[in-house]
Amino acid sequence: MPVHPEHRAFSLDSKTILADARRELALPSRREFGKRVLSLGGLLMLTGCSLTDDKSVNAFLMSVSRMNDRVQAWLFDAKRLAPTYSEPELTRPFPFNAYYGIEDVPEVDPNSFQLKLSGLVSGKRIWSLPELYALPHAEQITRHICVEGWSAIGHWGGTPFADFLRRVGADTSAKYVGFKCADDYYESIDMPTALHPQTLLAFQYDGETLPPKYGFPMKLRIPTKLGYKNPKHIMEIFVTNTFPGGYWSDQGYNWFGGS
Ligand SMILES: Nc1nc2c(c(=O)[nH]1)N[C@H]1C(S)=C(S)[C@@H](COP(=O)(O)O)O[C@H]1N2
Ligand SMILES: [Mo]
C-alpha cells in the first residue's frame, strides 16, 4: 500500500495502535470520555469489528475515522472564516507538493481543455477555460497547511465555488462534491465546505495563470481544510450522495481533513 511521504519512515503497526488506543482510554483525562461516551469495547460493538487481524484493525480504524468525519462535519461552522493575510506575509517560494516529484507534473493543454460536470447537476455542459475565466472573480491570501508538517501563505484568484455550483444547477442538497484530476489524484468534500464563502475554484496563483506545478488549469482552494483536500489539475467535478472518498483518505487519512 502506498504511504504518505511523511509516514514512509515507519509502517503502521496494528498492535502498537491498539495498545495506544487502550492506554488513551485508560488515561484519567480520557476516563470520563470513555465512561460517558464510549469504551474501546463499545466502539468495537458499534463498528462491528473484532480486531483479530490487521484487516479488521484497519476496518475498525477506518470506521472510527468516519465517525470522526461526522463529528467534524457537525462542528464545522459554515460561516466561520479561515484567517487571511497580507501581501508581505506571502511565503516565497511557495512549496510544491504532490504524490510524485515536480518532474512528473501533468501537462494540460489549455486549448483543448474542457471541464466536465457530472452527477447531480442540471447544466451538464462542458466549460472551456475562457468561459471559466469570465466568471465573477475573487482573490484570497490564506494559509495552506500540509499534514507533512509545513504550512505556507499563498495568494490565489478564481471564482467563488458556491456561485459556480449554483450557476451550473448543482443539487446543493446533495452530500458530496467530487473531483477527478489530470494525474491519478481524486478528492471529495462535504457540501457545506463546498458552499463555504472562502472555497475558491482557483485559476490563478499570485496574480498569474496557475502554473502547472500549482495545479494548472485549476485547483480547488479550501482554506478551512488541510492541503490534501485541495485537488489540483481538476478535469471533472461531480455532485453525488454516494461517498466518493479521496486519494489519501482511502489510504487511512481522515476524510473530513479540517484545518
Ligand atoms: N492533483 C493533485 N492534487 C493535489 C496533490 C496531488 O498529488 N495531486 N497533492 C495534495 C497535497 S498533499 C498538497 S500539500 C497540495 C500541494 O499543493 P501545492 O503544490 O500548490 O503546494 O496539493 C494537494 N492536491
Ligand atoms: Mo499535503
Side-chain angles (χ1 to χ4, degrees), residues 90-121 123-142 144 146 152-170 176-189 193-240 244 246-248 257:
L90 288 172
T91 305
R92 295 188 192 281
F94 191 86
F96 158 81
N97 195 30
Y99 65 88
Y100 42 78
I102 197 156
E103 64 286 353
D104 292 325
V105 166
E107 294 277 338
V108 176
D109 174 10
N111 300 313
S112 60
F113 174 80
Q114 294 180 322
L115 175 69
K116 191 180 165 194
L117 299 176
S118 61
L120 305 171
V121 178
K124 274 189 194 129
R125 72 177 188 85
I126 268 158
W127 287 74
S128 70
L129 281 177
E131 289 173 314
L132 290 164
Y133 293 164
L135 291 170
H137 187 79
E139 309 246 336
Q140 65 170 257
I141 299 181
T142 50
H144 171 117
C146 174
I153 296 171
H155 175 191
W156 290 274
T159 201
F161 195 49
D163 284 5
F164 182 69
L165 286 177
R166 294 195 175 103
R167 189 178 297 264
V168 301
Y176 310 106
V177 182
F179 305 87
K180 293 180 190 166
C181 306
D183 49 15
D184 286 334
Y185 209 75
Y186 57 100
E187 191 48 273
S188 62
I189 57 172
T193 298
L195 299 176
H196 186 277
Q198 286 174 309
T199 300
L200 191 70
L201 190 58
F203 312 120
Q204 293 182 343
Y205 181 77
D206 216 7
E208 309 279 341
T209 301
L210 202 63
K213 61 180 174 177
Y214 299 146
F216 183 83
M218 75 194 75
K219 71 175 274 177
L220 197 70
R221 175 61 197 137
I222 320 174
T224 54
K225 288 220 187 277
L226 293 169
Y228 66 86
K229 297 298 296 182
N230 292 237
K232 305 193 286 186
H233 316 290
I234 297 172
M235 304 301 278
E236 180 173 345
I237 301 178
F238 60 98
V239 176
T240 178
Y247 185 89
W248 288 119

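These numbers were taken from a predicted model, which means no experiment stands behind them.
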**Asked** Hey, does the side chain of Y228 reach the backbone of Y247 with a donor-acceptor pair shorter than 3.5 angstrom?
**Response** no

**Asked** Are any non-hydrogen side-chain atoms of Y133 and S128 less than 4.5 angstrom apart?
**Response** no

**Criterion side-chain contact (heavy atoms from CB on, under 4.5 Å) on L210 and Q204, from CA distance to verdict** = CA-CA 4 Å; L210 202 63; Q204 293 182 343; 5.8 Å; no

**Request:** Would you confirm whether T199, through its side chain, and I222, through its main-chain N or O, come within 3.5 Å as a donor-acceptor pair?
**Result:** no

**Request:** Compute the centroid of each ring, for W127 and then for F113, and state whether the two points are separated by less than 6.0 Å.
**Result:** no

**Message:** Tell me whether K229 contacts the main-chain N or O of S188 through its side chain, where contact means a donor paired with an acceptor under 3.5 Å.
**Reply:** yes

**Counterpart residues, salt bridge (charged side-chain N to carboxylate O under 4.0 Å, His left out), relative to K232 (two or more places apart)** = none

**Item:** Y205 and F94 aromatic centres sub-6.0 Å
**Value:** yes

**Polar side chain donor-acceptor pair, H155 to E139, under 3.5 angstrom** = yes

**Complete:** When rounded to the nearest 0.5 Å, the distance separating CH2 of W156 from CD of Q140 is 7.0 Å

**Prompt:** Between V177 and F161, is any pair of side-chain heavy atoms under 4.5 Å apart?
**Reply:** yes

**Message:** Regarding T142 and R221, do their side chains bring together a donor and an acceptor under 3.5 Å, going by distance alone?
**Reply:** yes

**Request:** Only counting residues at least two apart or in another chain, list the ones meeting ring pair (Phe, Tyr, Trp, His ring centres under 6.0 Å) with F96.
**Result:** none

**Asked** Between L220 and F179, is any pair of side-chain heavy atoms under 4.5 Å apart?
**Response** yes

**Request:** Could you tell me whether the side chain of T159 and the main chain of H137 form a donor-acceptor pair under 3.5 Å?
**Result:** no

**Prompt:** Below 4.5 Å, heavy atoms only, C-beta onward: do M235 and L115 meet side chain to side chain?
**Reply:** no

**Item:** CZ on F216 to CZ on F203, rounded to 0.5 Å
**Value:** 11.0 Å

